[in-house]
Each structure stands twice: as structure tokens, then as C-alpha cells.
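First comes the structure, then the notes that go with it.
Below, chain A is the first sequence line, B the second, and so on; all start at residue 1.
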Amino acid sequence: MLVVTGCGNAAETKNETQTNGGTASAPAGGDKTTLTIANATDIESFDTHNNNNTMSEAVLVNVFDYLLKNDAEQNKVPVLATSWEQVNDTTWRLKLRDDVKFHNGDPFTAADVKFSLERVAKDTALKQNTYYKHIKEVNIIDDYTVDIVTETPDPIMLNRLSRMGAGILPSKYIEENGIEAFLKAPVGTGPYKFSKWTKDDRIELVKNAEYFGGTPKWENVVFRSIPEASTRVSELLTGGVDIAAGVPSTDIARIEGVDGLSVEQAKIQRVLHIIMRMTEGSITADPKVREAIDLAIDNQVIIDSIAGGAGIPTRTSVTPGNFGSDPSLYETFEYDQERARALLKEAGYENGAKVSFSSSVQYKEVAEVVAAMLTDVGFEVNLEILEASSFSEKLNSKKFSELFLLGVGNSLFDASNNYNRFKKENAAGETDYNNPEVEELLQSALQNMDLADREKQYQKVQQQFTVDRPTIYLYQMKGIYGIGAGIGYTPRLDEMYYAEDITLK
Amino acid sequence: MGKYILRSLLQMVPVLFLISAIVFVLVHVTGDPVNLMLPETATEEDRAVLSKALGLDRPLYVQFGLFLYNAVQGDFGHSFHYGQSALPLVLERLPASFQLAGAGMLIATLLAIPLGIISALKRNTYLDLFISGLSALGKGMPNFWTGIMLILLFSVILGIFPVSGKGGPEHLVLPAITLGAGIAAQMTRLIRASMLEILNQEYIRTARSKGLLETVVIFKHALRNGLIPVVTIMGLQFTSLIGGTLVTETVFSWPGLGQLLVSAVNTHDMSIVQAAVFVIAIIVLVVNLLTDIVYRYLDPRIKYS
């Protein structure tokens with residue numbers, strides 16, 4: 001309610017804001033050398049192997065390089081590695097650049113690659129370990145050539161090497177000073193060097209004049225953490241920040257009303273799921289009930305009313321840009337209230353079908369609208385809204401009953417990541433989904449090095465999911481960014497901020 | 001007096017022990033941090049391995065014993081979230097918290113003392129009514145709303161103060177007013193009530209009948225006693241500000257202890273929670289002791305045995 005009050009007043013002050021537009025655009029003159037970006041949360045640490053959120057990676061990619069990275073279209077492009085080839089099913093050979101220095105002057109060599117990848121692969125206490133633990137060893141062929149050897153064939157090794165846990169750290173520096181010292185004064189090979197971090201306030205980076213990829217564009221890059229959305233918007237309006245992430249849809253008009261400022265919407269790698277329990281004896285074990293739930297929900301209405309239009313309806317979570325996507329299931333949804341009512345009757349629930357539905361506070365409004373839609377077709381919904389930490393606790397200990405709402409991301413850009421939850425071993429006790437045919441496809445695709453065949457396997461799984469419905473999808477989310485005057489920025493699907501790609505117009 | 005202070009300091013030891021034990025148990029029974037640290041794709045095996053690596057597989061009393069042994073030496077363990085020692089992370093937030101709480105208290109005091117005195121002296125006049133209305137308003141406005149309104153007016157429209165963040169003294173003004181307004185409202189009412197009571201007392205009437213100047217009566221005789229309950233409130237408010245300015249810190253993106261503590265609770269970062277509660281407990285105990293000492297200065301009749 002308070003948010004509404006704040007926004008109402010914001011609208012009233014819009015005229016004053018417009019006359020103040022000069023102030024807003026003033027700092028973004030031609031001699032502007034500092035780029036300031038505001039996020040809702042701070043990073044976890046400068047240890048790229050021990051981070052678990054996208055916002056951290058979005059900052060760290062400016063300090064640490066990967067061997068290769070995704071360009072804006074998800075193509076793999078060289079960074080620290082110049083080329084890569086598959087020697088056999090379990091070995092990848094990479095050639096490295098020989099002209100790279102860490103920020104402390106140490107040269108970058110194969111030893112750093114061995115140190116970094118083996119650290120994240122072997123240290124089980126690191127948050128990224130689970131994505132890299134099947135790397136058996138990294139062999140140094142010469143100073144600028146390495147072989148990465150895996151336990152089993154891994155078709156998505158390149159996806160792994162171009163994401164957070166594969167950041168290359170300075171082996172000599174860490175071995176000599178220890179990881180705590182490194183975290184206080186982190187050193188990478190990236191275009192920007194660490195300068196200062198005031199936690200929950202700001203991270204200051206300065207340009208690395210010796211960057212191998214040419215002189216960086218900005219003298220300084222500042223990442224500020226501003227948890228309150230209306231404060232982020234106010235900072236943007238006053239020119240305090242150049243880019244503000246997570247703009248509430250209610251503030252879009254307010255930003256666009258100021259001369260020079262703009263709002264960009266961009267798809268992100270997160271799809272809202274309603275996950276259903278198929279355990280024998282639970283009401284959602286009945287396929288008719290699951291279908292009725294799917295048909296009862298008008299995805300577009302939720303997108304328009306709750307997300308301010310910032311979403312795309314989908315019947316799969318493997319959205320375009322990810323390996324294995326099936327475009328026929330994208331930008332579409334099923335909605336038929338009459339049929340939903342009929343299905344409930346057929347299933348024998350004429351006098352109300354009781355389901356419990358859990359959500360974290362983060363998606364409270366979506367959950368409430370979904371619950372209302374389900375009630376409309378004859379369900380009796382017991383809605384449970386949980387605090388973030390109790391939701392995670394219940395989720396990971398598999399304590400939810402019939403339905404729960406979950407936003408699921410995919411930093412691997414591969415369909416395998418979408419289905420881990422539904423593999424028989426992981427589904428036990430949660431969805432209890434068990435379709436032997438799907439299980440075989442999923443297991444085979446994990447090690448299938450024939451990419452064309454692998455893609456077909458995942459498309460088959462997606463089609464089968466629209467029949468089995470162990471989960472239904474609401475929509476792919478979009479990020480809403482406020483962009484300051486004179487700043488050129490196209491938000492990316494992976495939500496990274498490569499400062500080098502952000503320009504002065 | 002010296003003996004009193006020494007005894008108070010010694011009494012803090014069992015209190016701190018008790019607080020640590022309660023927090024330790026609460027943090028450990030409310031959930032397994034391993035679940036929050038691992039990605040969704042983690043297997044049971046991953047959980048077991050990480051649990052062992054963090055020592056969470058041992059019996060609770062062993063974990064508590066180790067915790068106490070280390071805590072006495074200032075080691076509250078590693079923050080899961082930041083991968084660094086917990087105590088320094090908490091201590092580095094203290095200056096920001098003290099700055100904000102101090103500035104808030106200063107603004108509250110500067111507003112409340114004159115307003116409270118005027119209100120009491122001019123009781124039942126329009127001025128008194130106006131001040132009472134003002135303090136009712138100050139008490140009723142949620143910090144969240146006050147903060148956002150101040151930002152809109154003074155930053156977005158007038159451009160006088162920065163919107164948020166921690167920097168020079170100019171960054172402190174709006175959050176301090178936000179915090180101070182609510183406390184000032186409460187203090188004004190308290191000072192008014194306390195002054196009214198004292199002005200009716202025998203010794204004030206005696207002082208007046210002796211023909212002392214009104215200002216001497218008010219400031220030398222009445223105010224000194226009238227401030228005693230105010231000191232209690234200031235002590236209480238200050239300690240609650242140190243750990244509890246979360247709303248204001250969030251609105252103004254101020255990197256204080258409140259933000260750290262709440263995000264630690266959300267991520268189940270046990271060592272940070274334990275270290276933060278411990279540090280806050282010490283501050284509360286010390287501020288309470290200081291409050292007692294100021295009492296004695298204001299009213300020498302209070303004896304400490």
C-alpha cells in the first residue's frame with residue numbers, strides 16, 4: 001500500500017520533474033568518464049567460484065575474464081582462449097593468449113587455467129562446484145595450451161567455460177597471499193581493476209590501461225546497490241546513476257517523461273513455473289486436474305496486470321537463445337475455463353477440488369492472481385506465502401504439497417539445466433515425476449556429443465511435458481532498465497553488464 | 001561509582017553468554033544453510049559433502065562449544081555469503097550505523113527539547129495544540145513514506161541533497177531527518193509531560209516565590225529533572241537505532257548494520273547473524289550503563305550501592 005502512495009505522489013510531481021530535466025541530463029556531457037550502474041542487490045564477493053547470483057556475475061565480468069564468452073546473441077567468442085577443439089569425447093584442447101597480464105603484473109599462463117578450473121572442480125565448499133565437479137583434471141601442454149579432461153563426455157563444456165564459475169584467477173598471487181587477502185584486493189585480467197568496495201553501498205572499478213583487448217572506454221565504473229526501487233528511479237532522474245535495473249512497471253511513464261531518459265525492456269533467463277506434485281494419492285496426480293490447472297490460467301492477463309506487460313507467455317522453459325529450444329511452444333499458452341471446469345467434473349471433483357499452493361513473497365501478486373483464476377474454475381486454493389528464506393528451506397527439503405510457484409533461471413543456456421529437477425532421482429519426493437521415456441532421453445542427452453540429435457532429444461522432452469504437465473509455465477520474465485541521458489545500452493539476455501559494451505551516445 | 005561500573009561490566013558476561021546461546025539455537029533450528037547455499041541442481045550427495053565441509057554434521061552441543069571457544073577469541077567463523085571472517089564484516093558497518101543513529105538523535109534532540117519546553121510553558125494554548133499536532137504527525141508518518149517524500153522534494157524536485165548512498169555530510173541529512181522525525185515526536189511529548197509535572201512541584205513554587213528569574217527556574221531547576229526520563233528514552237532509542245534502522249537504511253541505501261543483519265537472516269548467514277547480535281548486545285549493555293551514569297549526574301539523589 002505504501003508503494004502505491006509513493007507512486008501516486010510521483011505521478012503528481014511529474015511536471016516538476018520534467019522542468020528539472022536539465023539537471024538530469026547535465027552530468028552526461030561529452031566529458032563524462034564515470035559509468036554508474038544501480039542494482040537492487042550487492043555482489044556476494046569477488047570470488048567468482050563462490051558466488052551464486054546473476055547480479056554478482058554481472059559485476060564480476062568486468063574484472064575477471066573467461067576463456068571464452070557469449071556475445072549478445074549467445075555465440076561463443078574467444079577471450080583468454082584463442083581457439084578450442086575437441087581431442088576426444090572427454091578432452092578439450094584450448095590455445096591461450098600469450099599477451100595477457102593480471103592487474104598485479106603477473107603474466108597469465110596455462111598454470112592459472114589449471115589452478116582456477118581445478119579449484120572450482122575440487123573444492124566442494126564452493127558455490128559453483130556443482131557445475132564443474134565432473135572436470136577430472138586440467139593438463140598443461142605448454143605455457144599457452146591446456147587440455148581439459150572430464151570424467152564423462154560433456155557436450156556443454158563450452159557453456160560451462162563461459163559462465164561465472166569459470167572465471168580465471170591469478171594462481172601465483174593466491175598461492176602466495178591466500179584467498180582472504182585476494183578477496184580484499186582482488187586481481188583479474190579484465191578491462192577494469194578493483195578499486196574499492198563498500199558493502200551494500202558501492203563497488204568502484206578503474207580502467208585497466210594495459211588491457212589486452214584495447215584501452216577501456218570508461219575511466220571509472222561504479223556499481224551501486226540500492227535495494228529500494230523508487231530510490232533507484234530517483235537516482236536515475238537526478239543523474240546520480242546512468243543505468244537503473246529493476247525499474248517497477250509503474251515508474252516507466254515517469255522515466256520516459258524526462259527528456260533524454262529512456263526505458264529498455266529485455267528478456268531475461270527466468271521463467272515462472274507452477275510445479276505440481278504427481279505423487280500417488282495427491283489430487284494433482286490426476287492428469288485431468290493438472291490439465292484443468294493449465295487451462296484455468298490466463299497467462300497474458302497475469303503478464304499485463306502484474307508484470308506491466310514485461311513478460312512473454314510460454315509453454316516451455318527452454319526459451320529461444322538456449323540450446324534445445326522448441327519455438328512452437330514459445331509465445332503461446334492454453335486457456336479455456338469451460339474445458340477446465342468440465343475436466344474437474346470428469347475427474348470427480350464437482351464439489352470443489354482442494355489444492356495447496358505455495359509461493360515466496362517475491363511472487364506474491366502473481367500467486368494471488370493464479371489462485372483467483374483457479375478458484376474461478378472450481379478449485380479451493382489454500383494459498384501459502386512464505387518469506388524468502390523459509391521458502392528456500394521448504395523448497396530444498398522438498399516439503400511443498402500439490403503446487404508451488406518458482407522462478408527458474410538458466411545460466412548454462414542449455415536445456416539440461418531446465419530438466420535436472422525432473423530427472424527421476426531429483427524428482428523423488430518433490431514432483432515424483434516418472435516417465436521412463438523422458439528419463440532415458442534426459443540421461444542420454446547429458447552425454448550425447450551429436451548436437452543435432454541432442455537438440456531433437458530435448459525437443460521431444462518439451463513436447464512430452466505439455467502432455468504430462470509435471471509443471472506448467474506462466475511466462476518468461478523481462479528486465480526493465482532505466483537508461484540515463486546520453487547512454488547507449490542494450491540489455492542482454494544473460495543480464496551481464498559488460499561496461500565495454502555500454503557507450504556514450 | 002567505580003565499583004558500580006565494574007560490577008555492571010561483570011554482569012554483562014552471563015547476559016552475553018545467554019544471548020549467544022539463544023541466538024545460536026534459534027539460528028540452527030530455523031533451517032539448514034546448506035540448502036540456501038547450493039544451487040537448485042545440487043544432489044543429496046552435494047549437500048552431505050558441503051555439510052561436512054562446514055562442520056554442520058556434528059552434534060549441536062559440539063558446534064556450540066566450538067562456537068563459544070572461538071567467539072571468546074573474537075572469531076565468529078566465516079560468512080558463507082562473503083567468504084570472509086564475520087566479525088570484521090560486522091565491525092566495518094558500525095561507523096555507518098553510529099553516524100546515522102547519532103545524526104538522527106541529534107536532530108531529534110534539537111527539535112524535541114525546545115518544542116517540549118515551549119509546549120509545557122504555553123500549555124493549552126494554540127501553540128501547544130500546534131506542537132502536539134506536529135508531534136502526532138511525526139509519530140504517525142512511517143519512516144518509509146517520510147524518506148521517499150523527502151527524496152522527492154529535496155532531491156528530485158529541488159536538487160539540494162543527494163538521493164542516496166554514503167558519502168559526505170550532505171548524504172546524511174535526509175536519512176537523519178527521516179529517523180529523527182519519529183523520535184523527536186515521541187521525545188517532545190515526553191518532555192512536555194515531564195516538565196508539566198515538575199512545574200507543579202513544591203520546590204519550583206518555592207523557587208518562584210523566592211523571586212528567582214523565570215529562566216533560572218526553568219533551566220536550572222525544572223529542566224535538569226525534566227530530562228531524566230528523556231535520557232532513558234534517548235538511551236533506548238539509540239540502541240534500537242543501531243540495529244533497527246533497516247527501513248531508513250533501505251530507502252536511502254545506507255550501508256549500516258541493519259541492512260547487513262537482515263540480509264544475513266535472509267541468506268541464513270549464521271556467523272554474521274551471531275556476530276551482529278553479539279555486537280549489538282554489547283552496545284545495548286554499554287549504552288544502558290552510560291544512561292545510568294548520566295542519571296546520576298542529573299539527579300545526585302540516585303545512589304548506586
Side-chain angles (χ1 to χ4, degrees), chain A residues 2-3 5-6 9-10 13 16-17 20 23 38 41-42 44-47 50 52 123-131 133 179-180 183-184 198-202 224-228 230-232 234-235 237-238 240-241 387-390 392-393 395-397 406 408-409 417 420-421 425-426, chain B residues 30-44 46-47 49-50 52-54 78-85 89 92-93 96 142 144-145 147-149 151-153 155-159 162-167 247 249-256 259-260 263 265-268:
Chain A
L2 289 170
V3 180
T5 318
N9 277 281
T13 56
E16 285 91 330
T17 311
N20 196 29
T23 323
T41 53
D42 202 355
E44 292 183 44
S45 75
F46 275 91
D47 189 341
N50 200 20
N52 209 3
D123 186 345
T124 51
L126 295 173
K127 291 175 196 164
Q128 286 289 323
N129 171 262
T130 170
Y131 293 106
K133 60 185 174 187
I179 197 76
E180 287 240 358
L183 291 177
K184 282 182 190 131
T198 311
K199 293 187 190 70
D200 279 339
D201 182 29
R202 68 189 65 212
R224 293 194 46 192
S225 104
I226 305 178
E228 176 55 41
S230 69
T231 310
R232 281 199 301 284
S234 292
E235 284 283 12
L237 294 177
T238 57
V241 304
E387 286 301 324
S389 62
S390 23
S392 301
E393 174 66 25
L395 174 71
N396 286 310
S397 50
L406 194 65
V408 183
N417 214 28
N420 268 314
R421 156 165 274 115
E425 182 198 357
N426 299 332
Chain B
T30 47
D32 187 348
V34 168
N35 279 336
L36 293 160
M37 289 169 68
L38 287 171
E40 282 162 13
T41 50
T43 61
E44 276 310 311
D46 294 334
R47 287 203 180 103
V49 169
L50 183 58
K52 196 164 169 22
L54 296 170
H78 257 63
S79 153
F80 301 142
H81 188 75
Y82 293 109
Q84 282 174 266
S85 300
L89 287 168
E92 77 183 26
R93 295 299 181 98
F144 181 82
W145 187 82
I148 287 180
M149 287 304 118
I151 288 176
L152 272 179
L153 182 63
S155 307
V156 178
I157 297 172
L158 298 174
V163 176
S164 68
K166 186 173 175 291
V247 172
E249 283 178 11
T250 306
V251 170
F252 290 96
S253 177
W254 188 267
Q259 272 206 57
L260 179 73
S263 74
V265 168
N266 274 331
T267 51
H268 237 100

Taking B/Ala96, B/Gly165, B/Gly256 one by one, which has the highest count of heavy-atom pairs under 4.5 Å against chain A?
B/Gly165
May I ask you to name which of B/Pro162, B/Ser253, B/Ser85 has the most heavy-atom pairs under 4.5 Å with chain A?
B/Ser253
In terms of heavy-atom contacts, A/Glu228 and B/Val251 come closest through CB-CA, 4.0 Å
Heavy atoms of B/Gln84 and A/Glu180 approach each other most closely as CA-OE2, 3.9 Å
Are side-chain heavy atoms of B/Gln259 and A/Lys199 found at a separation under 4.5 Å?
no
Could you tell me if the side chain of B/Arg93 sits less than 4.5 Å from the side chain of A/Asp200, heavy atoms only?
yes
Is chain A contacted by the side chain of [X], its backbone, both, or neither, given a heavy-atom distance below 4.5 Å?
| X | result |
| --- | --- |
| B/Leu89 | side chain |
| B/Ser79 | neither |
| B/Glu92 | side chain |

dist B/Ile151:CD1 -> A/Leu237:CG (nearest 0.5 Å) comes out at 11.0 Å
Which value, rounded to the nearest 0.5 Å, describes the distance between B/Leu152 atom CG and A/Thr231 atom OG1?
9.5 Å
Quick check on [X] against chain B: is it the side chain, the backbone, both or neither that has a heavy atom closer than 4.5 Å?
| X | answer |
| --- | --- |
| A/Asp201 | both |
| A/Ser234 | both |
| A/Ile226 | both |

Are A/Glu235 and B/Ser164 close enough that a side-chain donor and a side-chain acceptor fall under 3.5 Å?
yes
